[in-house]
A.B. asks: 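My questions all concern the structure below.
The structure displayed is predicted, hence computed values, not measured ones. Just so it is clear: chains get the letters A, B, ... in the order the sequence lines come, proteins before strands, and each one is counted from 1.
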Amino acid sequence: MQSQKSQLSERIRIQVEDFSVEEETLKIRNSSKRIGGIVTFLGTARDFSKGRDIHKIDFEFYPGMAEKRLAEIREQALKDYDIIEVSIIHRVGEIPIGENIVLIVVGAEHRKDAFKACSWCIDELKRITPIWKKETTPQGEVWVEEHP
Amino acid sequence: MQSQKSQLSERIRIQVEDFSVEEETLKIRNSSKRIGGIVTFLGTARDFSKGRDIHKIDFEFYPGMAEKRLAEIREQALKDYDIIEVSIIHRVGEIPIGENIVLIVVGAEHRKDAFKACSWCIDELKRITPIWKKETTPQGEVWVEEHP
Amino acid sequence: MVKVRFFAVLKKIVGKEEMVLNVEKGTTLEQFLKKLEGELPPLKDLLQEGKILISVNQEVVQKHCLIQNGDEIAFLPPFAGGS
Amino acid sequence: MVKVRFFAVLKKIVGKEEMVLNVEKGTTLEQFLKKLEGELPPLKDLLQEGKILISVNQEVVQKHCLIQNGDEIAFLPPFAGGS
């Protein structure tokens, strides 16, 4: 039970610091020799959104609930798709333009399900995870409402 | 022209040595500040295929033609999908079980097209690129014919 | 006593991040919201817009649910994680 | 003179990787293949199976194409890159 829990906190993380795409990808790759295809989604901080220049992005989250939702997304993906492992990492706090925001890594025997599951996970993350984004533009601060 | 050519040889590579997922992802991320989503496909050497244990994998390719095909795939993807940059790297020679084989990185403003383009690129790579795979199993060597 | 939390733009609109309130036994979420709207007028319009989700103990719930001592009630504006 | 190349499983079946052959002006790929099948009997069955692609100067071509001096003709078994 202890090891299941620590494995989960390895696979599901909300953190201020940046993550290494390499490290996270290899963790999934090395989790099973059956893995033949890994699909990842990396979301990054753009400098431009809906016609506004963006100077700074800040993410706020609901501690506890956000991690719970990510864990539910991971479990549902493992159930619904023919995949072997999933990890989801989201950064919070201030994120400079150009830097990493979110990483989803899906490992599967075959690629089709890895693509489908990864795409589903990021859609679902946006839909149900209590994380909020504030963009600072020359006009001031805006809490973003729509999902791009 | 020179710089276009050297940029292309950066984005399209067939090589014996391993690649860094981190480095290749960041190259695409840093190629444009408009990039908000990066989808990657990493193909790795499984130890098991169609009921056979695999001890070793070797890739052979048609030098010149293979690179040309990968460059065509990249150009077509840039034309057909709303994406910003693509890179395709394939290893050849002997690849130990568990190691990286192929990496496709697609950067886009929005994720939907990045997913579609990345999935299309790997399908197309398998379909038209003159690369061959030899699996060494306890029963001997097999040149693989079917696409998994 | 229940704890009420506001996130993101709601902190700014409501002017606070948290508050602690008494609830009587048998109070539904709907009744609780009515009472809260009295104390925080800006909340009323927001809730009528229908964009705000309400969670009790980190689960999104329906308005006929009962509120209990020790519950944590949170007001969640539209999510925008992931990019 | 044209250069002929065999890849992957074909190297093993045909027993060689490359050969250099003379072609007369006006020879089509089809005529060239007939001649080559005479010299390399295992090739005949393989080509009839229809799984082998043939490229001339690294482009896959139709059988009525003319072969010219200096061309590189390659026999390509089914591809298996990408995983």
A.B. asks: Salt bridge check: are A/D53 and B/K33 linked by an N-O gap of less than 4.0 Å?
C.D. replies: no
A.B. asks: I want to check something: taking the side chain as every heavy atom from C-beta on, are B/R46 and A/I35 in contact at a cut-off of under 4.5 Å?
C.D. replies: no
A.B. asks: First locate atom CG of A/L26, then atom CD of B/E99, and finally report the distance between them rounded to the nearest 0.5 Å.
C.D. replies: 10.5 Å
A.B. asks: Any heavy-atom pair between the side chains of A/E22 and B/T25 that's under 4.5 Å?
C.D. replies: no
A.B. asks: Side chain, backbone, both or neither: which part of B/E109 has a heavy atom under 4.5 Å from chain A?
C.D. replies: both
A.B. asks: Is a side-chain N or O of A/R29 found less than 3.5 angstrom from the main chain of B/T44, in a donor-acceptor match?
C.D. replies: no
A.B. asks: Measure B/S20 against the heavy atoms of chain A and call it side chain, backbone, both or neither at under 4.5 Å.
C.D. replies: both
A.B. asks: Quick check for you: among A/S32, A/A45, A/C118, which has the greatest number of heavy-atom pairs under 4.5 Å with chain B?
C.D. replies: A/C118
A.B. asks: Taking the side chain as everything from C-beta on, heavy atoms only, tell me whether A/T40 gets closer than 4.5 Å to B/L42.
C.D. replies: no
A.B. asks: Determine whether A/D123 and B/R111 make a side-chain contact, defined as any pair of heavy atoms from C-beta on separated by less than 4.5 Å.
C.D. replies: yes
